[in-house]
Amino acid sequence: MAEMVAFRNAVGGWATGGPGGPATDLAVRLGIRTAVLLEGASDLAAVEALAARRGRDLASEGVCAVPMGGAMNVGRYAALLGPPGLGLRLTGLCDVGEQRFYQRGLERAGAPHAAFFVCVSDLEDELIRALGTARVEEIVRAEGDLRAWQTFRHQPAHHGRPPHGQLRRFLGTKKGRKIRYGRLLVEALAPGQVPAPLDDLLASL
């Protein structure tokens, strides 16, 4: 696991102008064959949580999930990790509103767009819809965030917004909250509740 984190960090440094040697060496040494491109750390937390629930050791399978720090970075990461770079198989998640960024970036890298699974708004939206707002509120209460949630709900800017939309916005209002709840919401899912994009992604690996 620590070596996969090192690979992610090396790829992140490479993507921001650093040398590619460390990522290349780690990819060979770890036998990485697939890179799962994800928009951010909350998606990573959700993917890792579902893999753990299903008894999957992605690292031993040669799979590394890589958060890109935003959808608009997909072209750069696809070029580094896909056919023009390390030659890894690319897959991942994207939001429906960002498909154009993925399509352009993947086409330039010669990678198939069909290997990416599309969330309606984003993965948090998918998870909240899968669990239902009442269950998500129970999780918020259990995590000690009930007072913050109630304060958020009663702010004038959020009056009239459906609870689903309020919860989705709430998860992004504090640094680290989306990451924490990315894991918690996945862990709360019943087997038949896993959103299709996330379920299909894991099944494809």
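Worth saying up front: this structure is predicted, and the values here are computed from it rather than measured.
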Review point. So which heavy atom on D57 is nearest to which on S60, and how close?
Key: O-OG, 2.8 Å
Study note, to complete from the structure: d(Q193 CD, L185 CG) to nearest 0.5 Å is 11.0 Å
Review point. Would you say the side-chain atoms of D199 pair up with the backbone N or O of V194, donor to acceptor, closer than 3.5 Å?
Key: no
Review point. Any side-chain heavy-atom pair from L58 and M4 closer than 4.5 angstrom?
Key: no
Check your understanding: Do L80 and L86 pass the side-chain contact (heavy atoms from CB on, under 4.5 Å) test, and can you show the C-alpha distance, the side-chain angles, and the key distance before you say yes or no?
Key -> CA-CA 6 Å; L80 297 180; L86 298 185; over 6 Å; no
Exercise for review: Would you check if the side chain of R89 reaches a backbone N or O of V63 as a donor-acceptor pair within less than 3.5 Å?
Suggested key: no
Point to revise | Whether E126 side chain and V120 backbone form a donor-acceptor pair below 3.5 Å | key: yes
Point to revise | Pair R141 + E138: basic N to acidic O under 4.0 Å | key: no
Check your understanding: Is a salt bridge present between E48 and R8, judged by a nitrogen-to-oxygen distance below 4.0 Å?
Key -> yes
Point to revise | Given V118, L123, V74, the one that forms side-chain contact (heavy atoms from CB on, under 4.5 Å) with C94 | key: V118
Exercise for review: Show the numbers, then the answer: is there a side-chain contact (heavy atoms from CB on, under 4.5 Å) between V186 and L198?
Suggested key: CA-CA 10 Å; V186 167; L198 188 57; 4.0 Å; yes
Practice item. Check whether L106 and V11 end up in the same hydrophobic cluster, where Ile, Leu, Val, Met, Phe, Trp and Tyr are linked by side-chain heavy atoms less than 4.5 Å apart. Key: yes
Review point. Any side-chain heavy atom of L171 within less than 4.5 Å of one from I128?
Key: yes
Check your understanding: Salt bridge between D122 and K178, side-chain N to carboxylate O under 4.0 Å?
Key -> no
Check your understanding: Is there a donor-acceptor pair under 3.5 Å between the side chain of Y181 and the backbone N or O of S42?
Key -> no
Review point. Measuring from E39:CD to L44:CG, what's the distance to the nearest 0.5 Å?
Key: 12.5 Å
**Study point:** Joint hydrophobic cluster, V96 plus Y102, side-chain heavy atoms closer than 4.5 Å
**Key:** no
Review point. Roughly how far, to the nearest 0.5 Å, is the CZ atom of R161 from the CZ atom of R168?
Key: 9.0 Å
Review point. Are W149 and Q166 side-chain neighbours, meaning at least one heavy-atom pair lies under 4.5 Å?
Key: yes
Practice item. Go through the steps for F116 and Q99 under the test side-chain contact (heavy atoms from CB on, under 4.5 Å), then give the verdict. Key: CA-CA 9 Å; F116 283 72; Q99 281 183 283; over 6 Å; no
Study note, to complete from the structure: Value for CZ (R29) from CD (E3), rounded to nearest 0.5 Å, stands at 5.0 Å
Study note, to complete from the structure: Correct closest heavy-atom pair for P83 and G110 would be CG-O, 3.6 Å
Review point. Measuring from C119:SG to E98:CD, what's the distance to the nearest 0.5 Å?
Key: 10.0 Å
Check your understanding: Distance-only, no hydrogens or angles: does the R56 side chain make a donor-acceptor pair with backbone N or O of L205 under 3.5 Å?
Key -> yes
Point to revise | A115 backbone acceptor or donor facing T91 side chain under 3.5 Å | key: yes
Check your understanding: So, does R108 use its side chain to make a donor-acceptor pair with the main chain of A79 at under 3.5 Å?
Key -> no
Check your understanding: Are L201 and L88 co-members of a hydrophobic cluster defined by side-chain heavy atoms under 4.5 Å apart?
Key -> no
Review point. Between W14 and A23, what is the shortest heavy-atom contact and its length?
Key: CE3-CB, 3.8 Å
Study note, to complete from the structure: Closest non-hydrogen contact found for L90 with G82 is CD1-CA, 3.7 Å
Review point. Taking a hydrophobic cluster as the set of Ile, Leu, Val, Met, Phe, Trp and Tyr residues connected by side-chain heavy atoms closer than 4.5 Å, whether directly or through intermediates, do M68 and L81 fall within one such cluster?
Key: yes
Review point. Can you tell me if R53 uses its side chain to pair, donor with acceptor, with the backbone of L189 under 3.5 Å?
Key: yes
Study note, to complete from the structure: Correct closest heavy-atom pair for P67 and A65 would be CD-O, 3.8 Å
Review point. Any link between F117 and V66 through a network of hydrophobic side chains (Ile, Leu, Val, Met, Phe, Trp, Tyr) touching at under 4.5 Å?
Key: no
Point to revise | Working for side-chain contact (heavy atoms from CB on, under 4.5 Å), residues H113 and E107 | key: CA-CA 7 Å; H113 183 254; E107 284 178 354; over 6 Å; no
Check your understanding: With respect to L167, which candidate in D125, V136, L131, L127 satisfies the side-chain contact (heavy atoms from CB on, under 4.5 Å) definition?
Key -> V136
Point to revise | F152 six-ring face occupied by R169 cation (under 6.0 Å, within 45°) | key: no
Practice item. State the CZ-CG distance between F7 and D25, to the nearest 0.5 angstrom. Key: 11.0 Å
**Study point:** Side-chain donor/acceptor of R33 to backbone N/O of G62, under 3.5 Å
**Key:** no
